[in-house]
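For reference, the structure is listed below as structure tokens.
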Amino acid sequence: MWRLALLFVLALSVRAQDDDADRLLTSVRQPVIVEANLPNITVGFKTGPNIPGTQFTIKCVLEGDGCDATPQGQSVRGSLPVKPAAVEGTVQGLEVDQTYSCYVETTLSENGKVSYCQEAMPFPGVVRFELRFGAYSNASAFGPSEQAQVCANVLSLQPGGTCSVLRVTDGSAIVLIQVEYDDFRNTWSLTETLTQNATAVTAALTSGLEGSVEIADVETEPPVPNPLSPTNVAANAASDCSPSVVVTWAAPQRSSTITGYFVSCTSLTAPAVNGTVAATQRNTTLSIQAGEEYTCSVASQGPSGASEPAAASSPVTYSYPSECQPPAPTDVATDLFKSTGTSWAVTWTNGGKSKPEQTFTVQCGENVQCNSTDVISVADIPYGTSEAVLSGLSAGVSYTCFVVAVNDAGRTCSSPVEYQTESCDCPTTTDANTFANFTLGNINGQSGWTMQDSFGNCVGNCPYDQAITEYNGVNVWRVSNAQGTFGFSDVSTSPGVGPAGETGASLWNNYGTDNTKPFDPPQFGASATSSCFCSAMKFRSVTEAAQPGFSIEYTPAAKQSTWRMSFVEINDNGVDGFDLKIQDRVNVSKNAAVNDCTGKPNNCPFGSGSNTTIVPSSATGFGYDTDNVLAVSIEFRPGIIETSDAGDTLYTGNDLVKIYANGNLIFVGTTWEAYYYALRPVVSPPWPADPDPKKQALNSIMFRAEKPSVPDLEGEGIYITSFEQSAPN
């Protein structure tokens, strides 16, 4: 037989719900199951005071159902006593294989209205009572021996439990005792037994304590049984960009004792996640790892503990929706000002921010795709950044590079960018005493310097306003544009080196002895042996003051020819120093070459694709009273960049030109190779039309004073104190 003890609690006053005249109908103390021996269940409770005519019924429903459910059985209706009393009622004839919840329902006999319905709880056998000694006033008098003795006396009357003294109160003559039993006990019955045997309870206590005692039961808040498990647990992956699962459930019956829910999602391959929510909630969201499979369950929580976990949900896996992928970076461009022979400096435009937070990776490899692993990369570049430098590359190597947007949802790559690291390592300064052993006077013919064309001709204002002269005790070369020319092949030209150019390029010269009659076909000289051309000169103003109109070209070209591959011009701005005018060729139009140059072999006005940059003295740092260093490096690369535009073909060179002023990089561009590439197939004479491009090499620097002349500068201009050039292999 299952016997359950009844612990008494503070009286619960219940007011009438429908009739103000019935004000206080009943006072019922927590009902408990006294005995459960199916098919019968007995419920006991203490009650009173009550209005005369108040009746009660014990009814049992299927476990989890509420008081309003159809009863599976109920006791005979009884009357509640007017005065406080202990009351029991028994429900008979229940099914032995069912589990029940039982309730005490009270009504007024005169109107039959239900005024009170409360569930009966099963309770462990915990008994508390007080011993109130009339002669006791000192706590120390009721020491360990007395405490042990009184417990032994109690257990001799009600054996089977564990007795302990909870509290001894000084001066109040009260000792609080608790006895715990493994089975269940009727509290008031046990207390009544002890009262009837007061002498036995105090037997063998200190003289003066025995026999003088009042015994009273102590009512405590009864423990509440564990709540039932939730039902209908379901788990669904979130639909946004946050890896999470939405767990839902239904509350169980008899949910009034639930204080919250514990939600847990577990995986065989990832850490479990869990959370606790309020009793009013029926759903929650937990963060999980994307791509991992989870199952979720929910347990009810109550004052006395938790329910068993509910049946687990079906497995669920979060996958990022496609819109969570980060947008691809756009406008990816190489920053040649910051790139070197072993690094790629790149800029880009953010494609737009995504969730979750994203970063960028910059990566390069040889003949790779974006998802290749054999790359050199720099990762974890914060969102909002739009430039980076990737180091660790090898010089002179062609790479395929990407900027990759990265977040937890995946990687999105920019369009590929082909990038070739520099192979040329040119000096950006010079300190050579270049002209120390030169003879004062005309530079023509000294150590490879020329002013004549390749046939010994020098026309126009030759030998121009130039001379080896002495400055500060050192031989230098002075040059000005006091005498200008429209020619090219018979101007001041440095000695030949190299030649330098891309594979298959040669030096060309198509002018004869009178500088006008062309060779047919044109003559060409040595083929390129180097892809690098380096040059640098140190110069200063002769007057150390403004020389309005001063201008001299410093142009990489094929020696003693018209074939220039770049254009740099030094100009006195008349205010504070020297500006640079730089010209390269980009987007050269094939149609323009046809229209402008066909049939005009000696006077082709072809100017398509001319791109001019002015670098002011504030950027060059070239002053009147200082030494100034100008350096030009050219790296020749195979091929050309070809694009289409409205039925036209546009050419841009892929050679790399870098110009430095006093060691600082001030310009990055390309050569004039696109000009010759577009020109050759349509010009005939001086050479037959040829579908193959003309690959032009160079081997010197052309110092050209172009007309109109500025006679006032005679004997002035600039001193070139040092000059160096090379075509390293």
Side-chain angles (χ1 to χ4, degrees), residues 241 243 290-291 320-426 428 531-532 586 633 635 637-643 652-660 664-670:
C241 294
Y320 282 99
S322 59
E323 60 266 23
C324 300
Q325 295 277 348
T330 59
D331 304 323
V332 178
T334 299
D335 184 348
L336 292 173
F337 278 89
K338 297 180 180 178
S339 298
T340 69
T342 57
S343 67
W344 181 44
V346 59
T347 62
W348 66 88
T349 299
N350 296 327
K353 196 168 185 180
S354 68
K355 295 180 179 180
E357 294 296 324
Q358 73 182 57
T359 59
F360 295 100
T361 295
V362 173
Q363 62 185 48
C364 292
E366 298 181 57
N367 300 314
V368 296
Q369 302 296 321
C370 187
N371 59 355
S372 300
T373 57
D374 187 18
V375 295
I376 300 170
S377 64
V378 55
D380 298 325
I381 301 169
Y383 180 84
T385 304
S386 58
E387 62 180 355
V389 176
L390 174 62
S391 301
L393 305 180
S394 298
V397 175
S398 294
Y399 289 95
T400 302
C401 302
F402 300 87
V403 178
V404 188
V406 182
N407 68 5
D408 290 341
R411 293 161 43 96
T412 307
C413 302
S414 69
S415 299
V417 174
E418 300 303 321
Y419 170 65
Q420 180 176 337
T421 54
E422 296 177 46
S423 59
C424 300
D425 185 14
C426 292
T428 60
S531 61
C532 298
V586 297
S633 70
E635 179 175 316
R637 296 174 173 178
I640 201 163
I641 301 170
E642 182 176 330
T643 58
T652 297
N654 64 345
D655 298 336
L656 181 63
V657 175
K658 287 192 170 183
I659 299 176
Y660 299 83
N664 299 311
L665 182 63
I666 59 170
F667 175 84
V668 178
T670 188

Taking [X] for its side chain and [Y] for its backbone only, find out whether a donor-acceptor pair lies under 3.5 Å.
X	Y	result
Q325	A409	yes
T334	L336	no
T421	G396	yes
T412	A405	no
N407	C324	yes
E387	A345	no
Y419	S343	yes
T670	D655	yes

*asked:* I want to check something: taking the side chain as every heavy atom from C-beta on, are S398 and R637 in contact at a cut-off of under 4.5 Å?
replied: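 Counting from C-beta outward, S398 and R637 never come under 4.5 Å.
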
*With a 4.5 Å heavy-atom cut-off, do D408 and P243 have their side chains touching?*
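With C-beta onward as the side chain, the pair stays apart.
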
How many angstroms lie between atom [atom1] of [X] and atom [atom2] of [Y], to the nearest 0.5 angstrom?
X	Y	atom1	atom2	answer
K658	L665	NZ	CG	5.5 Å
S386	I381	OG	CD1	10.5 Å
F337	F667	CZ	CZ	7.5 Å
N654	Q420	CG	CD	7.5 Å
N664	T428	CG	OG1	8.5 Å

*Could you please spell out the steps behind the side-chain contact (heavy atoms from CB on, under 4.5 Å) verdict for C370 and Q363?*
CA-CA 8 Å; C370 187; Q363 62 185 48; 4.1 Å; yes

_Looking at D425, I want to see if its CG is surrounded by more than 12 non-hydrogen atoms of other residues, nucleotides or ligands under 6.0 Å._
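Counting neighbours around CG of D425, 12 or fewer heavy atoms of other residues, nucleotides or ligands fall under 6.0 Å, so no.
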
*Residues, nucleotides or ligands: over 12 heavy atoms within 6.0 Å of E418 CD*: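 Yes - once you tally the heavy atoms of other residues, nucleotides and ligands closer than 6.0 Å, there are more than 12.
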
Can you name the closest pair of heavy atoms from [X] and [Y] and give their distance?
X	Y	result
C241	Y320	O-CE2, 3.4 Å
E635	S423	OE1-N, 2.7 Å
V368	F402	O-CE1, 4.0 Å
L390	I376	CD2-O, 3.4 Å
S394	Y399	N-OH, 2.8 Å
T361	D380	OG1-N, 4.3 Å

*Mutual orientation of the aromatic rings belonging to F360 and W348 [parallel < 30°, tilted 30-60°, perpendicular > 60°]*: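 Judged by the thresholds at 30° and 60°, the geometry between F360 and W348 is tilted.
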
*Pick from C413, P329, S414: which one makes a side chain to side chain contact (heavy atoms under 4.5 Å, CB included) with V404?*
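Of all the options given, the one that passes is C413.
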
*asked:* Is there a disulfide bond (SG atoms under 2.5 Å apart) between C532 and C424? Walk through the geometry before answering.
replied: CA-CA 6 Å; C532 298; C424 300; 1.8 Å; yes

_For T400 and E366, which I'm curious about, is there any donor-acceptor pair between the side chains at under 3.5 Å?_
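No, because no side-chain N or O of T400 sits under 3.5 Å from a partner of the opposite role on E366.
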
